[in-house]
Engineer: 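Got a structure for you, written out below as structure tokens; questions coming shortly.
Along the sequence shown, residues are numbered consecutively beginning with 1.
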Amino acid sequence: MSQNNFPDYNGNNKKWYQKTGWIIALLILFFPVGLFLMWKYTNWKKPVKGVVTALILIIAVMGVSGEETLDKITLTADTDTTYDINQKVKITASTTPDDYSLSKDDFQCSDGKLKVSDKNIIFTTSQAGSYTIWAEHDGIKSNKLTINVEDKAAIAKKDAEEKAQKEAEEKAKKEAEEKAAQEAAAAQAQAEAEAQAAAQAQAQAEAQQQAQAATQAQQNNDPTVYITNTGGKYHRAGCRFLKQSQIEKHLSEVKGVYGPCGVCNPPQ
């Protein structure tokens, strides 16, 4: 037996990696090592080794060239919803072929953050706005998704402030209208009072006029005349015989008792 421990015809005293069975197994499972061991330790003829090597290399090349090629990338998400800031937006990626793998570097967004786990993506942002998300691998581009985000708390606060301002304006308007109505009612009441007072004054004036007219009528029908302490005549105002004395009477009181003064009551 040689000192280099090369295998004999019966395969005795060979190490495990020198045995034909193990070499064939390695040619199938891990061909680079199998080819090395085949050329070094088997007593196969060179043409046989050459054919085996060529076949394995052909198979390897075919395996590499037969890898599936990416044809399409599709992103899907609920783009009809307007999301809140910091809300997680779920995005799903699909490929043709289905089992084609994408890396996290294949996914892009105009702003915000992307968290990629296989083909499941989570998008978040802390700023309101409209964001575009897409994927690209080896020149194959996906469709573009547009995600709309708003600050719902800020919008709610603004709406509340606008509502409070509107209510305050409506309250002020209502108070102004009520005040105007009160002032109008007070003015109307004052006008009515003034009109009533004017009507009363006019009524009093008319009554006074009527009284004066009645008095005048009475005076015309039963005028005032004057008698003296002495004498049997009645006189009218201004008669010279009234210089010494005058007693006021109505004509009806003295008529028939006193005669008319010939000076102030000349015959008709």
Side-chain angles (χ1 to χ4, degrees), residues 79-87 111 125-131 146-268:
T79 56
D80 294 330
T81 298
T82 299
Y83 297 89
D84 195 4
I85 58 172
N86 300 317
Q87 182 179 356
D111 202 354
T125 180
S126 60
Q127 299 292 329
S130 183
Y131 299 88
T146 300
I147 304 297
N148 296 312
V149 180
E150 63 185 14
D151 189 341
K152 296 185 182 296
I155 292 174
K157 181 179 179 182
K158 182 179 179 181
D159 290 344
E161 291 175 350
E162 291 178 350
K163 181 179 179 181
Q165 182 179 359
K166 183 177 180 181
E167 290 177 349
E169 291 175 352
E170 290 178 349
K171 181 179 179 182
K173 181 179 178 181
K174 183 177 180 180
E175 290 176 350
E177 290 175 349
E178 291 177 350
K179 183 178 180 181
Q182 291 174 356
E183 292 176 349
Q188 183 177 0
Q190 184 178 358
E192 291 176 352
E194 292 176 352
Q196 185 177 2
Q200 290 177 351
Q202 184 177 0
Q204 290 176 356
E206 291 176 354
Q208 186 175 2
Q209 290 176 355
Q210 291 175 358
Q212 291 176 351
T215 302
Q216 186 63 40
Q218 184 179 5
Q219 287 290 337
N220 293 333
N221 296 327
D222 190 11
T224 300
V225 295
Y226 300 91
I227 63 174
T228 60
N229 291 329
T230 60
K233 303 295 183 181
Y234 63 86
H235 307 271
R236 295 186 182 276
C239 183
R240 66 175 183 269
F241 293 107
L242 298 177
K243 293 181 179 180
Q244 299 298 322
S245 64
Q246 59 180 4
I247 301 171
E248 184 177 322
K249 295 288 185 176
H250 284 291
L251 179 60
S252 60
E253 292 179 301
V254 298
K255 199 171 184 179
V257 179
Y258 292 85
C261 171
V263 177
C264 60
N265 291 285
Q268 300 294 326

Engineer: Who are the side chain to side chain contact (heavy atoms under 4.5 Å, CB included) partners of Glu162, not counting sequence neighbours?
Structural biologist: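 Applying side chain to side chain contact (heavy atoms under 4.5 Å, CB included) to Glu162 gives Lys158, Asp159.
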
Engineer: Evaluate the side-chain proximity of Pro223 to Arg236: yes if any heavy-atom separation is below 4.5 Å, no if none is.
Structural biologist: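 When only atoms from C-beta onward are counted, Pro223 and Arg236 do touch, with a gap below 4.5 Å.
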
Engineer: Would you call Tyr234 and Pro260 a side-chain contact if the rule is heavy atoms closer than 4.5 Å?
Structural biologist: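 A side-chain contact exists here, since the closest heavy-atom pair is under 4.5 Å.
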
Engineer: Could you tell me which non-hydrogen atom of Ile147 sits nearest to which non-hydrogen atom of Thr79, and how far apart they are?
Structural biologist: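 That closest heavy-atom pairing would be CD1-CG2, 4.1 Å.
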
Engineer: Enumerate the side chain to side chain donor-acceptor pair (under 3.5 Å) contacts for residues 183-196, please, sequence neighbours excluded, ordered by first and then second residue.
Structural biologist: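 Listed once each, the pairs are Gln188-Glu192, Gln190-Glu194.
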
Engineer: Mind checking whether Cys261 and Phe241 have side chains closer than 4.5 Å, heavy atoms only?
Structural biologist: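 When only atoms from C-beta onward are counted, Phe241 and Cys261 do touch, with a gap below 4.5 Å.
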
Engineer: For Tyr258 and Lys233, what are the C-alpha separation, side-chain angles and deciding distance, and is it a side-chain contact (heavy atoms from CB on, under 4.5 Å)?
Structural biologist: CA-CA 5 Å; Tyr258 292 85; Lys233 303 295 183 181; 5.7 Å; no

Engineer: Is there a side-chain contact between Thr228 and Ile247 (heavy atoms, below 4.5 Å)?
Structural biologist: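 They are not in side-chain contact.
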
Engineer: More than 12 heavy atoms of other residues, nucleotides or ligands under 6.0 Å from NZ of Lys157: is that the case?
Structural biologist: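 No, not enclosed.
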
Engineer: Can you tell me how far NZ of Lys152 sits from OH of Tyr83, rounded to the nearest 0.5 angstrom?
Structural biologist: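 Here the interatomic distance stands at 10.5 Å.
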
Engineer: Excluding sequence neighbours, so at least two apart, what forms side-chain hydrogen bond (donor to acceptor under 3.5 Å, both in side chains) with Asn86?
Structural biologist: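 For Asn86, no residue satisfies side-chain hydrogen bond (donor to acceptor under 3.5 Å, both in side chains) once neighbours in sequence are set aside.
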
Engineer: Do Lys163 and Glu167 make a side-chain contact, defined as non-hydrogen atoms from C-beta onward lying under 4.5 Å apart?
Structural biologist: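 They are in side-chain contact.
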
Engineer: Does atom CD of Gln244 have more than 12 heavy-atom neighbours, drawn from other residues, nucleotides or ligands, at distances under 6.0 Å?
Structural biologist: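 No, because the 6.0 Å sphere around CD of Gln244 holds 12 heavy atoms or fewer from other groups.
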
Engineer: Between Thr224 and Glu248, what is the shortest heavy-atom contact and its length?
Structural biologist: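 Heavy atoms only, the tightest pair is CG2-CG, 3.2 Å.
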
Engineer: Evaluate the side-chain contact (heavy atoms from CB on, under 4.5 Å) criterion for residues Glu169 and Gln165: first the C-alpha distance (whole Å), next the side-chain angles of each, then the deciding distance (0.1 Å), finally the verdict.
Structural biologist: CA-CA 6 Å; Glu169 291 175 352; Gln165 182 179 359; 3.4 Å; yes

Engineer: Between Ile85 and Gln127, which heavy-atom pair has the shortest distance, and what is it?
Structural biologist: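 Closest heavy-atom pair between Ile85 and Gln127: CG2-C, 3.9 Å.
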
Engineer: Which pair of heavy atoms, one from Glu150 and one from Asp84, lies closest together, and at what distance?
Structural biologist: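 So the two residues come closest at O-OD1, 3.0 Å.
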
